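Each remark here refers to the structure printed beneath this line.
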Amino acid sequence: MLSDIKKIMGFNNTEFDGVINNYIDSAKLDLEMCGISESMITSNDKLIHTAIISYVLGNLDIPNAEMYRDTYSLQKDYIRHISEYQESGE
């Protein structure tokens, strides 16, 4: 996921890897706290993947960060209503 975000941002160094990884971890924790199962969060699921990317981009100091934050909120709300993604749905 780190490499995907770096590609989107156009980063070709490791200067911000720690910051980006912290945001990735925060996104995963946020998803888990709203009831998404850990197994889905750690899987290669495309909905989870794009939600985490939106979370990270929404927290970086970039143009359209607010749009990414809003996108993440919508994605999270959508995902948490899908029974296969819920903690109790396993």
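Quick caveat, the model's predicted, so the values are computed rather than measured.
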> Just by modelled atom types, is the Ser73 backbone N or O under 3.5 Å from a matching donor or acceptor in the Asp77 side chain?
Replying inline: no
>> Under a 3.5 Å cutoff, is there a donor and acceptor pairing between the side chains of Tyr72 and Asn59?
In response: no
>> Between Tyr55 and Leu60, is there shared hydrophobic-cluster membership here, with clusters defined by ILVMFWY side-chain heavy atoms closer than 4.5 Å?
In response: yes
> Hey, what do you get for OG (Ser54) to NE2 (His49), rounding to the nearest 0.5 Å?
Replying inline: 10.0 Å
>> I'd like to check Ser37 versus Tyr85 (side-chain heavy atoms, cut-off strictly below 4.5 Å). Are they in contact?
In response: no
> Ser3: what forms a side chain to side chain contact (heavy atoms under 4.5 Å, CB included) with it, not counting sequence neighbours?
Replying inline: none
> Passes side chain to side chain contact (heavy atoms under 4.5 Å, CB included), Asn12 versus Lys6? Steps please.
Replying inline: CA-CA 7 Å; Asn12 57 9; Lys6 288 173 69 169; over 6 Å; no
> Going only through I, L, V, M, F, W and Y residues with side-chain contacts under 4.5 Å, is there a path from Leu29 to Ile52?
Replying inline: no
> Nearest 0.5 Å, what's the OH-CG distance between Tyr78 and Leu47?
Replying inline: 6.5 Å
>> With rounding to the nearest 0.5 angstrom, report the CD1 to CD1 distance, Ile8 to Ile53.
In response: 4.5 Å
> Looking at residues at least two apart in the chain, or sitting in another chain, which of them share a ring pair (Phe, Tyr, Trp, His ring centres under 6.0 Å) with Phe16?
Replying inline: Phe11
> Between Lys76 (side chain) and Thr71 (backbone), is there a donor-acceptor pair under 3.5 Å?
Replying inline: no
> Roughly how far apart are Leu31 CG and Ile48 CD1, rounded to 0.5 Å?
Replying inline: 5.0 Å
>> I'd like to know whether Met9 forms a side chain to side chain contact (heavy atoms under 4.5 Å, CB included) with Ile5, so could you lay out the CA-CA distance, the side-chain angles of the two residues, the decisive distance to 0.1 Å, and finally the verdict.
In response: CA-CA 6 Å; Met9 296 298 299; Ile5 294 167; 4.2 Å; yes
>> Strictly by salt bridge (charged side-chain N to carboxylate O under 4.0 Å, His left out), give each pair with a member in residues 42-71 just once, sequence neighbours left out.
In response: none
>> To the nearest 0.5 Å, what is the distance between OG1 on Thr50 and CG on Leu57?
In response: 11.0 Å
>> Run the side chain to side chain contact (heavy atoms under 4.5 Å, CB included) test on Arg80 and Ile36 for me, step by step, so that the C-alpha distance in whole Å, both residues' side-chain angles and the decisive distance to 0.1 Å come before the verdict.
In response: CA-CA 6 Å; Arg80 72 184 188 92; Ile36 308 300; 3.8 Å; yes
>> As an exercise, state the distance from CD1 of Ile24 to CG of Asp17, rounded to the nearest 0.5 Å.
In response: 9.0 Å
